[in-house]
Amino acid sequence: MKSFQTFNAYILRIGLAPSGKWDLLVAALALFLLNQTFEAMLLTFKGLAYGSLCNFDCGWYSTIVSHGYDLAPHAHLNKDAANWAFFPAFPMIARAVQMATGWAPQISLIVASKLFFLTSLYFFMVLVREYEETVPPVLSGGILAFGPLSIYANTGYTETLYFTITCFFFMALRRQRYMLAGLLVGGMTSIKVTGGAGGLAYIADAYDSFRRGNAETRMRILLGAMLVPLGLSGFIMFLNYWIGDGLAFIHIQRAWGREMNNPFIVLWDGLTGDIVSFYLAVFALLSMGFTVKLFVNKNYAMAIFLGFSTLIPLMTGLQSIPRYVWWQVPFVFSLSLIANRYPFILICTPFLILGLVLYYLGWFQTLGFVI
C-alpha cells in the first residue's frame, strides 16, 4: 500500500494543475495505455486484427449500427432472434463514430468502448477519492484496468459507457444534485436494463433529504425522480412504434433460452452444478456478499444498486453473470476497499492477469463462458 501512495504522490508532484485532478488523469492514461499494450501483445501473438475483438454481443450491436433495429426475428437456427434485446445508447454513439470516421461498424464499436474505458478509469478514481480518500487511486484504477473482466472494455460492449455514467450518478448523489442524478439514471436505463437499479438507489439516498428538506429541495427530488425512467420509457415507445411490442427486449430473450426464474434457485443450481456453473455462481455470491457489506457500512445507495444489479440478470440464468457483476461501480469499489485494507491480497495480481489472458484466449475461440 505504501508503494501505491508513494507513486500517487509522485504523480501529484508532476501534475500540471493545482486542482488535484491532473494526477488522476495521468494515472488513468498510464493504466489505459498499459492495458492497450498488453492487449496488442496478445493480438500480435495470436496473429489477429483488432476487428477480431468484436464477438458475441458486439456482433449484435454492429447490426444496429449498420441498419438499425430489426423489423422481425431472423437469426439463430430457429430464426427467432432479433437485435431488440440490445439497448440503443451505445450503438447510437458507435454510429456517430462510424459517420465521423467511415470505419466499419465493428471497429467503431471497439473504439467507442475503448474511449469510454479511459473515462471509466478516470472517473472511477475520482469517485473513489471522494468516497474513500485513503484508497490509493492507482490501486482502484489498476483493479479495473487489469482484472480478468477488463476484457469487456475493449470488445465493443456497452459496459464502459454504463460504468462511466454510473460513476457520474454516484458522485451526483454524494453532492445531493438530485435532478442531475435522476437524469443520469434515465441515461443508464437507455444503456442496460440493470440501469433501473439506479432508481432504487436514488430513492434510498434521497429519502432522508426529502423528509428533512424544504419545499424547494423536495421539488428538486421529485423532478429528479420523474427523469429516472426517461431512457427506458423512450426505448419502450420506440419499440412499440417500430414493431408493435414495447416489451420486445424482454420477450426476445426466449431466443437465447432465457426465462424468468427464482434467482436464489438459479444460484443454488449453479453452486451444485458443473465447474463452469459453479464459477458463475461464485461471482453472484461474491456480489451479494459485497452488497451486505455495503449495507452494514451504511452505504445504502451502493448496496441497493449492486444487490438489484445482481438479482435482475440472475433471474434469467447464470450466463454473463461475471460481466454483469464486475462492471458495476459498487462491486469494483468494494474490491478496492478490501485490497487497500489487506495489502497482502496484492500477491494475487499475477493470477488476475493470468485470468485476463485466459479470458482473451476464450474470447478468441468464442468459448461460452466468456459471453
Side-chain angles (χ1 to χ4, degrees), residues 55-61 63-64 69-88 90-91 149 152 157-159 162 188-200 229 231-233 235-240 242-288 291 304-328 331 366-371:
N55 288 331
F56 302 113
D57 288 2
C58 179
W60 283 102
Y61 282 123
T63 66
I64 301 173
Y69 282 94
D70 297 327
L71 288 170
H74 61 89
H76 290 179
L77 291 176
N78 295 327
K79 305 298 181 182
D80 58 351
N83 58 15
W84 308 328
F86 303 92
F87 281 49
F90 180 65
L149 281 300
Y152 298 103
Y157 270 47
T158 190
E159 266 62 26
Y162 180 80
M188 288 156 59
T189 61
S190 70
I191 303 171
K192 293 168 75 87
V193 69
T194 53
L200 299 173
L232 179 60
S233 59
F235 189 40
I236 289 173
M237 287 189 290
F238 167 76
L239 288 175
N240 187 65
W242 192 246
I243 57 173
D245 181 7
L247 297 179
F249 64 93
I250 296 176
H251 300 152
I252 201 66
Q253 296 291 337
R254 297 169 185 169
W256 284 267
R258 294 179 174 178
E259 296 182 357
M260 301 296 286
N261 292 291
N262 184 320
F264 297 102
I265 292 177
V266 172
L267 181 62
W268 176 253
D269 289 343
L271 291 171
T272 57
D274 59 32
I275 186 64
V276 174
S277 297
F278 180 81
Y279 160 73
L280 299 176
V282 165
F283 253 96
L285 200 61
L286 182 62
S287 183
M288 291 179 178
T291 299
I304 290 173
F305 186 93
L306 182 58
F308 279 90
S309 294
T310 305
L311 290 175
I312 291 171
L314 195 58
M315 291 172 68
T316 60
L318 288 168
Q319 191 176 62
S320 303
I321 281 292
R323 168 168 58 91
Y324 278 113
V325 166
W326 181 273
W327 283 97
Q328 301 293 343
F331 186 88
T366 62
L367 300 181
F369 78 93
V370 300
I371 293 177

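Worth knowing before you read on, the calculation uses all heavy atoms, side chains too, and leaves out hydrogens, waters and symmetry mates. Computed from a predicted structure; not experimentally measured.
- Annotation: the span from Leu280 atom CG to Ile321 atom CD1 amounts to 8.0 Å, rounded to 0.5 Å.
- Between Trp60 and Trp256, the distance from one ring center to the other falls under 6.0 angstrom.
- Nearest heavy-atom pair, Asp70 versus Trp242, reported as atom, atom and distance to 0.1 Å: O-NE1, 3.2 Å.
- Of the listed residues (Val266, Asn262, Asn261), just one forms a side chain to side chain contact (heavy atoms under 4.5 Å, CB included) with Leu314, and that residue is Val266.
- One finds the OH atom of Tyr324 at 9.0 Å from the CD atom of Gln319 (value rounded to the nearest 0.5 Å).
- Contacts classified as salt bridge (Lys or Arg N to Asp or Glu O under 4.0 Å) and involving residues 267-288 (residues at least two apart or in different chains) are not found.
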Could you check Phe87 against Lys192 for side chain to side chain contact (heavy atoms under 4.5 Å, CB included), going step by step and ending with a plain yes or no?
CA-CA 6 Å; Phe87 281 49; Lys192 293 168 75 87; 5.9 Å; no

Please step through side chain to side chain donor-acceptor pair (under 3.5 Å) for the pair Thr63 and Asn83, ending with a clear verdict.
CA-CA 7 Å; Thr63 66; Asn83 58 15; 3.0 Å; yes

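- Distance check: Phe308 CZ to Gln328 CD gives 13.5 Å after rounding to the nearest 0.5 Å.
- Closest approach of Thr194 and Pro313 over heavy atoms only: CG2-CD, 4.0 Å.
- Between Met288 and Leu311, some side-chain heavy-atom pair lies under the 4.5 Å cut-off.
- Using cut-offs of 30° and 60° for the angle between ring planes, the Tyr157 and Tyr152 rings count as tilted.
- Counting only distance, with no hydrogens or angles, the side chain of Thr189 and the backbone of Gly196 share no donor-acceptor pair below 3.5 Å.
- Annotation: side chain to side chain donor-acceptor pair (under 3.5 Å) contacts involving residues 245-255, sequence neighbours excluded, comprise Asp245-His251.
- Between the CH2 atom in Trp327 and the OG atom in Ser309 there is a gap of 14.5 Å [rounded to 0.5 Å].
- Residue pairs that meet the side chain to side chain donor-acceptor pair (under 3.5 Å) test with at least one member in residues 278-288, sequence neighbours left out, are Tyr279-Tyr359, Ser287-Thr310.
- For the residue pair Ala248 and Trp84, the shortest heavy atom distance occurs at CB-CE3, 3.8 Å.
- The shortest distance between side-chain heavy atoms of Phe86 and Ile252 does not fall below 4.5 Å.
- For the side chain to side chain contact (heavy atoms under 4.5 Å, CB included) test, no residue two or more places apart in sequence or in another chain qualifies with Met237.
- For residues 307-325, the set of pairs meeting the salt bridge (Lys or Arg N to Asp or Glu O under 4.0 Å) definition, not counting sequence neighbours, comprises Asp57-Arg323, Glu159-Arg323.
- Closest of all the heavy-atom pairs between Tyr61 and Thr158 is OH-CG2, 3.5 Å.
- A distance of 10.5 Å separates CZ in Phe235 from CG in Leu247, rounded to the nearest 0.5 Å.
- Aromatic ring centroids of Phe238 and Tyr69 lie under 6.0 Å apart.
- Distance check, rounded to the nearest 0.5 Å: CG of Asn240 to CD1 of Ile236 gives 9.5 Å.
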Given side chain to side chain contact (heavy atoms under 4.5 Å, CB included), test Phe305 with Leu200 step by step and report yes or no.
CA-CA 7 Å; Phe305 186 93; Leu200 299 173; over 6 Å; no

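- At least one donor-acceptor pair under 3.5 Å links the side chain of Thr272 to the backbone N or O of Trp268.
- Scanning all heavy atoms of the two residues, the minimum distance from Ala281 to Leu267 falls at O-CD1, 3.4 Å.
- Annotation: side chain to side chain contact (heavy atoms under 4.5 Å, CB included) contacts of Leu286 (sequence neighbours excluded): Phe290, Phe331.
- Of all the heavy atoms in Leu149 and Phe283, the pair that sits closest is CD2-CZ, 3.7 Å.
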